[in-house]
Amino acid sequence: MGQTPSVSTTILGADEVILNMGPQHPSTHGVLRVKLKLDGEKVISSECIIGYLHRGVEKIGETRTYAQFAPYVDRTDYVAAVSNGLGYCEAVEKLLGAEAPPRARWVRTILTELQRIASHLLWLGTHALDIGAMTPVFYCFREREEILKIFEKYCGARLTTHAFRIGGLLYETYDGFEEDVKKFCHDFLSRVDEYEELLTENRIWIQRTRGVGILTADDAIAMGASGPVLRGSGVKWDIRRAFPYAAYDQFEFDIPVGENGDTYDRYLVRMQEMRQSHRIVLQAIDSIPSGPIAARIGKVLKPPPGEVYHSIEAPKGELGYYIVSDGSTQPYRLRIRPPSFVNLQVLDQMIRGLLIADVVAVIGTLDIVLGEVDR
Amino acid sequence: MTFYEVTFYVLAVVALLSAILVITCRNPVHSAIFLVLTLLSVALIFLQLQAEFMAAVQIIVYIGGIMVLFLFVIMLVNLDVAVRQAPYNRQRWIAGFAALVLLAEFTLFIYQGRDWAKLPPAAAEAVQPNTELIGRALFQNYILPFEVASLLLLVAMVGAVLMAKQR
Amino acid sequence: MADEQQKKPEQKPAPTPAGEQKAAPPKPPARPVPPKPEPLDNELIRRLRARFSEAIGEATLDRKQAIVVVQPSRFLDVCDYLRTEEKFDFLTDLTAVDWYGREKRFDLILNLYSFSHNQRLRLKVPLGEDTHCPSVTGLWGTANWLERECFDMFGIVFDGHPDLRRILLPDGWKGHPLRKDYDILQQDVAWVKENLGIESGQ
Amino acid sequence: MTTLLEILDQPLVLALIRVLIVFTALSLIVAYLVYAERKILAHIQVRLGPMRVGPHGLLQPIADGLKLLLKEDIIPEGADRAVFWLAPAITVLASFTAFSLIPFADNFYVTDVNVGLLFVIAISSLGVLGIILGGWASNSHYPLLGALRSTAQLVSYEVALSFALISAILLAGTLSMNGIVKAQLQQGVWFAFMQPVAFFILFVAAIAETNRNPFDLPEAESELVAGFHTEYSGFRFSLFFLAEYAAMVLVSSIAVTLFLGGWLRPFPNVEWLGFLRFAPVVVFGAAGTWCFLRFFRFPTGREWFWQRLMLFALGAGAAAAALGLLYPPVLVASQGAFWFLAKVFLFLYAFIWFRGTFPRYRFDQLMRLGWHFMIPLAIVNVIFCGVGLVLSWELGWNRSLSLLLASGATLLVAAWLARERS
């Protein structure tokens with residue numbers, strides 16, 4: 001607070017208040033409960049209480065066949081279901097030693113990048129809403145709707161899409177897919193400019209986000225943060241580059257990084273990422289190869305015994321699948337490495353000494369999805 | 001009784017009753033509310049006396065300012081403890097005695113001054129807007145005391161800020 | 001990984017045939033070759049073996065992934081060495097696998113990543129049911145919640161963990177759901193009945 | 001009949017009638033302000049807003065009011081029941097009572113006392129009591145924090161607001177609300193042009209006083225759920241809601257009266273702009289025409305029957321009003337209220353517009369803005385304004401010129417303050 005003449009903080013200093021934020025709270029983005037120890041409005045310490053959405057997805061995985069389990073991963077990070085599906089399918093493919101044919105990989109890349117844009121749009125809208133700007137959320141949903149329409153046309157579902165199958169794709173792209181994607185891309189950049197016009201140079205937005213929730217690069221690495229949270233701290237690391245999957249080695253794109261690791265930097269990083277995703281989609285849509293859309297992997301999947309860890313750059317960060325096979329039709333152990341779960345762990349460190357209003361901003365900037373945190 | 005007399009007595013009774021309630025209420029917030037009521041009825045009595053400026057200032061300063069700050073502070077202290085404490089234990093008799101003395105004094109003086117305390121019948125219309133009168137009084141006749149008082153308050157304010165900053 | 005030997009005609013065509021697909025008949029994709037784990041022997045492993053001779057068990061390369069078995073006795077030292085000397089500064093994931101029926105029941109799995117070498121390494125620590133495992137929270141802050149989850153799901157106790165409590169399941173819960181001898185019928189019916197007021201267990 | 005006229009002629013009865021009119025009109029304005037806010041925000045946010053109840057959702061406020069009245073009334077356990085009940089009443093009383101001093105037209109106000117402005121400030125400052133008590137009585141953390149924030153914010157910005165008002169008083173030389181408007185007529189200029197800085201301060205402080213975005217911290221929904229009225233529901237909640245919007249109208253009315261010439265039409269002394277007096281006719285005529293146009297383009301199905309009928313009735317009403325306004329006495333009588341309301345609505349539109357545009361300040365930033373920028377600036381402005389007036393009185397300088405010079409000097413200070421801040 002510094003020299004702020006706020007009476008509340010100085011007088012309340014006498015005793016600490018425990019404030020339960022959530023599990024029902026407008027800006028905890030789901031059923032997250034943060035127990036805040038407050039000195040006035042200043043956060044002394046905090047504790048995240050999670051698990052309200054725990055469904056035992058990993059246990060379920062052990063009792064389903066590989067193909068049966070695929071729809072379940074859509075329900076972890078339910079705002080980026082396509083990305084989850086990609087991670088899972090590729091992990092099982094790696095376990096089988098199979099590889100999706102090029103056309104499938106291209107389509108997967110396009111859809112995943114669209115999903116990244118959709119996820120970031122949802123983040124932007126809710127984050128701005130948390131900080132009090134209520135209009136961007138509607139603009140964001142307008143664009144997200146376009147993406148969801150493409151998903152719907154492609155596979156019939158909008159949210160939990162189950163778009164990909166192990167070994168490739170189930171569906172060929174629909175007629176007009178490319179036109180739809182191109183049309184979306186054509187409008188999209190100017191729309192991003194529109195959001196930035198509302199926020200990036202806005203004095204209040206800058207005051208609310210700059211210097212708030214700083215995470216240094218060393219801390220980010222030590223705490224296992226990944227995705228935009230890590231890049232916002234200035235670590236130039238993207239799994240799409242480090243371990244290219246799908247067709248990412250074919251496209252040019254930049255990895256935006258921040259400098260100070262504050263909320264504003266993470267905001268800028270995600271905004272840039274949307275632009276980069278747009279760039280990837282445009283490159284991919286122009287170069288989709290023709291050919292088969294699925295590898296031959298047989299109907300009954302019995303991966304040879306062994307184990308695999310495969311991770312992708314999901315919109316929220318490193319989404320990993322660790323699957324152990326015992327040679328049967330069901331995974332022996334299926335572990336999901338959830339980016340939100342690991343990123344959320346940084347929250348306490350980031351909000352100490354800040355105000356309640358900043359807690360909201362920091363939760364928003366971490367971009368968590370409770371379905372994924374709790375699984 | 002005229003309309004004005006009726007309102008006066010009603011206001012006076014309200015003011016007195018709520019004043020008593022201020023000190024008898026156990027809950028400080030309730031006390032504060034009754035204090036607001038007291039101040040409000042006094043403000044209305046000012047209004048009746050065609051002292052609009054005084055009435056308005058009474059409301060702005062006492063209710064809008066001081067009472068809000070009172071409530072602000074009351075809310076911050078631990079109420080449960082305050083309610084459980086019985087602060088009047090020892091002083092009850094002394095206070096009662098002091099009150100009696102004061103009452104006797106007042107009665108005496110009011111009785112003595114019953115003649116000259118009578119006001120001349122008020123003019124039907126205020127001769128001059130009393131805001132201007134007050135302004136002239138403060139800034140012309142009593143400019144020195146006024147400025148001294150404001151300086152004093154300024155010193156107090158600076159001191160308070162300084163003390164708060166040191167914490 | 002593509003294998004050219006076994007070529008069979010495409011059995012099921014794509015459900016939504018696109019125009020271009022018909023023009024050029026699809027090339028039948030290849031059947032995958034089952035991958036085989038092979039022993040791993042590289043500089044890193046050699047250095048590890050030289051330093052922690054008996055504590056480093058079998059090292060394999062399975063599907064291009066380096067896997068090293070580490071004995072719990074010197075587990076913490078190995079981790080410390082890997083983090084500081086070999087720059088595996090990013091703990092990607094920490095989890096466990098329950099090999100029910102094996103003598104040392106659990107495998108603790110650590111997925112490490114090194115930013116400077118762009119390299120992943122997986123540590124496997126075999127643990128008996130009652131063996132405590134040293135906590136790596138001091139090395140990687142990430143481990144805090146991951147170890148708590150591991151404790152919650154498998155009942156593995158981490159010595160030196162600052163705050164080893166259940167994380168996803170409620171505090172009073174009995175049992176560790178990701179163990180192989182746990183299933184829906186064994187869940188904490190009493191807890192559910194008491195705290196949620198519903199009959200459970202299907 | 002004579003008796004009735006006699007009764008009506010008594011000042012008390014006359015006042016009561018005026019109170020009734022003001023109260024009814026105000027309630028309607030507030031109800032439709034909520035509707036307007038929803039509609040305007042919706043159009044800012046590329047959506048439609050209420051469309052279901054009545055044509056274009058025009059009956060939505062009534063439906064909302066009914067819903068709120070019929071809702072279950074919940075008092076949280078551990079709440080101080082009496083205070084919980086009292087708090088919304090205080091707030092709503094405060095914001096409605098203050099309207100008794102607002103001159104809506106040349107000859108239409110409930111009362112005009114010579115310290116009118118002081119009274120408006122006094123009464124509206126009572127509203128904060130309701131907020132603070134409501135927050136405390138809920139016996140819950142979020143309302144308490146909301147109440148604390150609210151109090152600190154209102155007390156801080158009230159200072160800047162009052163200082164901004166003082167410069168208008170200095171210019172007008174009276175505290176009477178109607179007197180201030182008449183002073184603007186005499187001097188032939190709106191005070192907003194003579195005192196732009198004060199107007200700006202008043203505008204910002206008014207937004208803060210009414211807890212509107214970007215200063216809506218006491219009820220910041222993403223932080224404090226709903227701030228001081230988190231635990232309120234149903235009728236009591238609607239009272240708070242009503243009070244908040246009435247307060248919006250109130251501060252707009254104060255700003256309009258003091259700085260935008262109240263019920264005066266734009267440039268009241270410019271003869272050739274006299275045609276502006278037909279503005280009400282044009283407005284109502286346009287509204288009627290629009291309604292009729294919509295009526296003909298409305299879908300004709302059975303389920304739309306009532307909506308079409310209402311649209312037609314609305315159009316007919318507006319057209320009738322436009323025709324009635326052509327009758328000269330009515331036209332003259334309607335002038336004051338029309339211009340006053342038009343300006344107030346302009347203000348209210350700005351409020352809504354801001355809500356659709358800005359993110360929210362953080363509490364310490366808000367306080368810093370208030371104490372380190374607004375209050376010093378307001379004080380400096382009053383001093384310079386006084387200096388400017390003295391220059392014109394004593395040295396015979398051109399009044400407008402000296403005041404503009406004073407404003408310029410204040411702006412320099414403002415620039416310096418702003419630089420200090422960043």
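Just so it is clear: chains get the letters A, B, ... in the order the sequence lines come, proteins before strands, and each one is counted from 1.
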For Lys302(A), look at atom NZ and say whether over 12 heavy atoms of other residues, nucleotides or ligands are found less than 6.0 Å away.
no
Strictly by modelled atom types, are [X] and [Y] linked by a side-chain donor-acceptor pair under 3.5 Å?
X         : Y         : value
Thr76(A)  : Glu372(A) : no
Arg335(A) : Tyr321(A) : no
Arg120(C) : Ser114(C) : no
Gln65(C)  : Tyr309(A) : no
Arg337(A) : Thr95(C)  : no

If you count heavy-atom pairs within less than 4.5 Å of chain C, which of [options] leads?
options                                    : answer
Val324(A), Leu344(A), Asp219(A), Leu169(A) : Leu344(A)
Val308(A), Asp374(A), Val342(A)            : Val308(A)
Tyr322(A), Phe341(A), Tyr332(A), Phe243(A) : Tyr332(A)
Ile221(A), Leu53(A), Val346(A)             : Ile221(A)
Gln349(A), Glu93(A), Glu47(A)              : Glu47(A)
Ser311(A), Gly51(A), Gly168(A), Pro303(A)  : Gly51(A)

Select one option (side chain, backbone, both, neither) describing which atoms of [X] are under 4.5 Å from chain C's heavy atoms.
X         : answer
Phe177(A) : neither
Leu230(A) : side chain
Thr63(A)  : neither
Glu58(A)  : both
Val235(A) : side chain
Ile49(A)  : neither
Glu307(A) : both

Mind checking the [atom1]-[atom2] spacing from [X] to [Y]? Nearest 0.5 Å is all I need.
X         : Y         : atom1 : atom2 : value
Leu127(C) : Phe75(C)  : CG    : CZ    : 8.0 Å
Phe154(C) : Arg105(C) : CZ    : CZ    : 9.5 Å
Ile323(A) : Leu334(A) : CD1   : CG    : 5.0 Å

Side-chain (Gln345(A)) to main-chain (Trp145(C)) donor-acceptor, under 3.5 angstrom
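Flag set: sc Gln345(A) to bb Trp145(C) pair under 3.5 Å.
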Is the ring pair Tyr245(A)/Tyr248(A) parallel, tilted or perpendicular, if the boundaries are 30 and 60 degrees?
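Taking Tyr248(A) first and then Tyr245(A), their aromatic rings stand perpendicular (interplane angle over 60°).
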Parallel, tilted or perpendicular, judged at 30° and 60°: which one describes the rings of Tyr113(C) and Trp237(A)?
tilted
Measure distances from [X] to the heavy atoms of chain A and classify the residue's part below 4.5 Å as side chain, backbone, both or neither.
X         : result
Thr92(C)  : both
Leu169(C) : side chain
Arg122(C) : side chain
Arg165(C) : side chain
Asn144(C) : both

At a heavy-atom distance under 4.5 Å, which candidate from Leu91(C), Asp89(C), Leu139(C) has the highest pair count against chain A?
Asp89(C)
